[in-house]
Amino acid sequence: MTIVHDTTLTQLPGIASLPLSDFKTHRANFFDKMKPNSIALFGAASEVTRSNDTEYAFCQNKHFYYLTGFNEPDALLLLLKIDNNPQAILFSLPKDKSHEVWHGRRVGQEKACQQYNFDQSYVLDELSSLLPNYLNGLSQVYFCFDNSDMSQQVFTWLSHVRSTARQGSKVPEVLIDASPIINELRLIKSANEIELMRQVNYISGLAHQRAMQKAAVGMFEYQIETELLHEFSRHGARHPAYASIVAGGDNANILHYTDNGETLQNNDLLLIDAGGELSGYAADITRTFPVNGKFTAPQTVLYQLVLDTQLTVISAIKPGITFAKLNEMANECLTQGLLDLAILSGDLAQLLLDNACKKYFIHGLGHWLGLDVHDVGDYHINENKQQCREFVAGMVLTIEPGLYMPNDDDELDEKWRGIGIRIEDNIVVTKQGYENLTVNSPRTINDIEALMKNKI
Ligand code: GLY
Ligand code: MN
Ligand code: MN
C-alpha cells in the first residue's frame with residue numbers, strides 16, 4: 001500500500017502570533033490606568049485534571065496572557081507603579097531538569113526577562129516571602145475580584161502585612177477591581193490583534209470549506225468535527241476556540257449541541273459552529289448547509305431569510321451604531337419574513353412590539369470576540385444600563401442571526417420542522433464602517449451548492 005503524505009500548505013502567510021513587544025504595550029496601557037503608589041496582581045491559569053494524572057490541554061488565563069504573552073501555568077504577574085516608575089515582575093516555575101524531561105521545557109527566570117521584557121523575574125517559591133514586602137507602604141491594590149484564588153491570596157498577604165504593623169508596616173487601604181479596566185483595554189483591538197484574527201478567520205473558513213466538501217449522508221457528526229480540527233491544526237491553529245458544534249437536522253435546534261454523535265441524514269441540514277484559536281485569539285463562525293449538497297424548498301426560503309437578515313445587519317455596521325439598533329433591524333427582517341411565510345400571523349407592528357420572532361430566533365444577535373470567544377467588555381456604558389454602547393473602530397464582534405424550528409413544535413407546519421439555521425460572521429468595526437473577517441466560507445446558496453459538488 002502506498003501512503004501519500006499531504007504536503008500542502010501548513011502555514012499561511014501573515015502573522016501567527018503577536019510580537020512579544022505588543023504585550024509590553026498592553027502592560028503600558030494598564031500602567032496608564034493605575035493610580036500612583038499602587039500594585040496590580042494577575043494570576044496565570046493552573047492545569048486542569050481530566051482524569052487521574054492526565055490533564056486537559058492547557059489554556060492560559062486570558063487577562064494574564066494579554067498582559068504577558070507567557071504561556072506557562074501557575075505564574076503571577078506583578079505590576080508596580082511607584083513614583084511613576086512602572087515595573088513588571090514575573091514569578092514563574094523554575095528551570096528543573098528532571099521535571100522538564102517528563103513534562104516539557106520551561107522558560108525560566110533569565111529568559112523571562114530577556115525574551116518577555118519583564119523588569120525582574122523570580123521563582124514562584126519566593127512569592128510568599130516577597131509579596132508582603134511589595135505591598136507594605138502602598139496605597140492601592142488592583143486584582144480581579146472574580147478570581148477567587150487570587151482574592152484569597154491577596155487577603156492572606158494583606159493580613160501578613162497587617163500583622164507587622166507594630167514594626168511600622170503600612171497596609172494598602174484601597175482594593176480596586178482590575179477586571180473592568182482590562183476588559184475595556186481588551187475590547188479595542190490593535191492592528192496586530194486584528195491581523196491575527198483575520199488569519200484565524202481565514203484558517204477557520206478553510207475548515208468550514210473542508211466540512212462542506214467532506215459531508216455525506218451516513219457520516220457521524222464527529223467525523224466532520226475531526227475534519228475541522230485537522231484543517232485548523234495544519235494551518236497553525238492547534239486548538240479549537242470552543243467545542244465545535246456539528247449538528248445534523250433537529251440537533252441544530254439545541255443551541256450548544258456538542259455531543260456530535262449522530263449520523264447525517266439525507267435531506268437534513270447540517271449546522272456547524274466552529275472556529276480555531278490562533279495564539280489565543282478566537283474565530284467563531286457558523287455555516288448551515290444541506291448534507292446531500294442541495295437545499296430543499298422549505299430549507300431554501302428559511303435559509304435565504306436568515307442570510308438576508310445577516311447581510312442587512314452587517315451592512316449597517318459603523319462607528320456609532322449599537323447592538324440595540326442592529327437587533328431592531330434583525331427583528332424587523334425576521335418578523336417580516338416569517339409573516340410572509342405564514343409562520344407568524346397578525347399585524348406586523350404588533351408582532352414587532354411583542355417580539356414575536358424571538359420564538360424562533362432564540363439567542364442574541366452577536367457578541368464581542370477576541371481572546372475569549374464571548375469576549376470581555378461591557379455592552380452597556382451608561383449608569384442605568386439601558387443604552388447599548390456605541391461601536392467604535394477596533395471592536396470585533398459576531399453577527400449571527402438564526403431560526404430554529406424544532407421537530408416537536410406542533411404549532412409549526414410539518415414542512416418547517418427539524419430545520420435549524422444560523423449564519424455567523426466575524427466583523428471588525430473600522431473608521432469607515434466595517435471589515436468582514438469571514439471572507440472564505442461560502443454562505444450564499446449558489447456558492448454552497450457549487451462547493452459541495454467538489455467533494456474531496
Ligand atoms: N460559538 C458560540 C457562539 O456563537 O456564541
Ligand atoms: Mn458567536
Ligand atoms: Mn458561534
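Nothing fancy with the numbering, it's 1 onward along the sequence.
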Query raised in the report: Does Arg50 pair with Glu55 as a salt bridge, N-O distance under 4.0 Å?
Result: no

Requested in this report: Taking Thr25 for its side chain and Ser21 for its backbone only, find out whether a donor-acceptor pair lies under 3.5 Å.
Outcome: yes

Query raised in the report: Salt bridge check: are Glu195 and Arg198 linked by an N-O gap of less than 4.0 Å?
Result: yes

Query raised in the report: Taking the six-membered ring where the residue is Trp, are the ring centres of His63 and Tyr66 under 6.0 Å apart?
Result: no

**Report entry** Ion pair Asp273/Arg287, N-O distance below 4.0 Å
**Finding:** no

Requested in this report: Decide whether a cation-pi geometry holds between Lys358 and Phe361; the criteria are a distance under 6.0 Å from NZ or CZ to the six-membered ring centre and an angle within 45° of the ring axis.
Outcome: yes

Query raised in the report: Does the salt bridge (Lys or Arg N to Asp or Glu O under 4.0 Å) test come out yes or no for Asp375 and Lys62, once each step is laid out?
Result: CA-CA 10 Å; Asp375 209 30; Lys62 299 290 186 162; over 6 Å; no

Query raised in the report: Is the backbone N or O of Ile399 less than 3.5 Å from a side-chain atom of Gln310, with the two atoms forming a donor-acceptor pair by type?
Result: yes

Query raised in the report: With distance as the sole criterion, is a donor-acceptor pair present between the side chains of Glu231 and His208 under 3.5 Å?
Result: no

Requested in this report: Give the C-alpha distance, both sets of side-chain angles, the deciding distance and a yes or no for ring pair (Phe, Tyr, Trp, His ring centres under 6.0 Å) between Tyr379 and Trp368.
Outcome: CA-CA 9 Å; Tyr379 288 85; Trp368 310 134; 4.9 Å; yes

Query raised in the report: Looking only at side chains, do Tyr122 and Gln109 share a donor and an acceptor under 3.5 Å apart?
Result: no

Query - Test: Glu184 and Arg389 ion pair at under 4.0 Å - result: yes

Query raised in the report: Within the distance-only criterion (no hydrogens, no angle test), does the side chain of Gln223 pair as donor or acceptor with the backbone N or O of Phe220 below 3.5 angstrom?
Result: yes

Report summary line: To the nearest 0.5 Å, atom CZ of Phe289 lies from atom CD1 of Ile421 at 13.0 Å

Requested in this report: Could you walk me through whether His363 and Tyr404 pass ring pair (Phe, Tyr, Trp, His ring centres under 6.0 Å), step by step?
Outcome: CA-CA 10 Å; His363 55 71; Tyr404 305 91; 5.3 Å; yes

Query raised in the report: Taking the side chain from Asp119 and the backbone from Ile89, do they hold a donor-acceptor pair closer than 3.5 Å?
Result: no

Report task. With rounding to the nearest 0.5 Å, note down the distance linking CG in Leu158 to CG in Leu175. Result -> 6.0 Å

Report summary line: The residue among Asn426, Ile285, Asp284, Val313 that forms side-chain contact (heavy atoms from CB on, under 4.5 Å) with Glu400 is Asp284

Report summary line: Separation between CG (Asn29) and CE (Met34), nearest 0.5 Å, reads 13.0 Å

Requested in this report: Would you please say whether a donor-acceptor pair under 3.5 Å links the side chains of Asp447 and Thr444?
Outcome: yes

**Report entry** Rounded distance [0.5 Å steps], CD1 in Ile321 versus CD1 in Ile317
**Finding:** 8.0 Å

Query raised in the report: Are Glu100 and Lys95 close enough for a salt bridge, meaning some N to O gap below 4.0 Å?
Result: yes

Query raised in the report: Which residues pass the side-chain contact (heavy atoms from CB on, under 4.5 Å) test with Gln209, sequence neighbours left out?
Result: Leu206, Gln213, Asn440, Pro442, Leu451

Query raised in the report: Could you go step by step and tell me if Phe23 and Tyr65 meet the ring pair (Phe, Tyr, Trp, His ring centres under 6.0 Å) rule?
Result: CA-CA 8 Å; Phe23 298 100; Tyr65 183 78; 5.3 Å; yes

Query raised in the report: When you check the side-chain N and O atoms of Ser98 and Asp96, is any donor under 3.5 Å from an acceptor?
Result: yes

**Report entry** Spacing of Leu41 atom CG and Leu78 atom CG [to the nearest 0.5 Å]
**Finding:** 5.0 Å

Query raised in the report: Have Ser46 and Asp74 got a donor and an acceptor in their side chains that come within less than 3.5 Å?
Result: yes

Requested in this report: Kindly say whether the aromatic ring centers of Phe42 and Phe64 come within a distance under 6.0 Å.
Outcome: no

